[in-house]
**Student:** 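This structure is in structure tokens; I'll ask about it shortly.
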Amino acid sequence: MSQRQGDVVRELEAVFKDRLFTEPHILALYSHDASSEVGVRPMAVVQPVNVDEVVRVVKLAIDYGFKIVPVGSSTSLSGNATPKLENTVIVSMERMNSIIEVSDIDWYARVQPGIKVDELNLELMGYGLQWPVDPASSRTATVGGVISNGGGGMRGAKYGPASHWVLGLEAVIGTGDVIRVGCRTVKCREGYNLVQVFIGSEGTLAL
């Protein structure tokens with residue numbers, strides 16, 4: 001590990017403590033997703049638990065010049081969760097897995113990106129609702145990952161893909177700023193329709 005990489009790891013350790021991983025066997029697990037793409041071993045893996053920590057990673061990446069790859073459960077078949085460049089830090093959303101709110105009046109849910117699709121639907125079942133996006137890996141795939149990949153699944157023929165089922169997003173962009181796009185209603189006239197730009201962008205526009 002170079003001096004600069006050591007500095008990065010120390011900065012990350014100050015933020016994430018035991019949620020920073022640099023052990024070779026763990027880094028190997030995050031060096032690929034479910035696709036056949038061949039990746040490289042990342043420099044480190046971090047597991048944020050809130051938006052402030054995601055912002056901190058992005059700002060450190062700006063300061064130190066390392067790359068970022070956001071991942072959910074790494075079930076993607078498109079290779080977007082496979083790190084391809086050296087000096088990459090994996091930002092795993094697996095600990096941001098809470099359901100924040102379910103409205104059975106307006107029929108929406110607010111969730112963190114690491115919640116599993118099946119876990120969300122198990123909760124929604126109690127309200128007579130569902131999030132019908134249905135990737136084959138729904139047991140392990142995360143909502144954030146499905147949105148990032150523009151997932152659909154078998155039920156997509158009837159209900160449509162993820163782009164039909166997302167009203168709004170909170171995202172951390174490459175400057176470290178937090179932006180909120182969309183709104184809580186189906187009819188939304190708040191400027192450009194940036195929600196649809198982010199869906200399917202595979203982590204290239206924001207976390």
**Student:** Using the side chain to side chain contact (heavy atoms under 4.5 Å, CB included) rule, take Thr88 and Ile68 through it: C-alpha gap first, then chi angles, then the decisive distance, then the call.
**Tutor:** CA-CA 6 Å; Thr88 295; Ile68 293 174; over 6 Å; no

**Student:** To check you understand the geometry: which heavy-atom pair defines the closest contact between Gly39 and Thr82, and what is its length?
**Tutor:** CA-CG2, 3.3 Å

**Student:** When you look at Trp131 and Val146, which way does the side chain to side chain contact (heavy atoms under 4.5 Å, CB included) test go after all the steps?
**Tutor:** CA-CA 11 Å; Trp131 197 59; Val146 171; 4.0 Å; yes

**Student:** Not counting sequence neighbours, list each pair that qualifies as a side chain to side chain donor-acceptor pair (under 3.5 Å) and has a residue in residues 166-181.
**Tutor:** Glu170-Arg180, Thr175-Asp177

**Student:** Among all residues two or more places apart in sequence or in another chain, which pass the side-chain contact (heavy atoms from CB on, under 4.5 Å) test with Asp63?
**Tutor:** none

**Student:** Restricting to pairs with a member in residues 40-111, which pass disulfide (SG to SG under 2.5 Å), not counting sequence neighbours?
**Tutor:** none

**Student:** Suppose the criterion is disulfide (SG to SG under 2.5 Å): which pairs have a residue in residues 82-177, not counting sequence neighbours?
**Tutor:**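 Found none.
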
**Student:** To the nearest 0.5 Å, what is the distance between CD1 (Ile26) and CZ (Phe21)?
**Tutor:**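 Answer rounded to 0.5 Å: 5.5 Å.
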
**Student:** With sequence neighbours excluded, give me every disulfide (SG to SG under 2.5 Å) pair touching residues 99-185.
**Tutor:** Cys183-Cys188

**Student:** Strictly by modelled atom types, are Ser78 and Asn149 linked by a side-chain donor-acceptor pair under 3.5 Å?
**Tutor:**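 On atom types as modelled, these side chains qualify, holding a pair under 3.5 Å.
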
**Student:** Restricting to pairs with a member in residues 101-145, which pass disulfide (SG to SG under 2.5 Å), not counting sequence neighbours?
**Tutor:** none

**Student:** Out of the candidates Glu53, Glu13, Glu94, only one should pair with Arg19 under the salt bridge (Lys or Arg N to Asp or Glu O under 4.0 Å) rule; please name it.
**Tutor:** Glu53

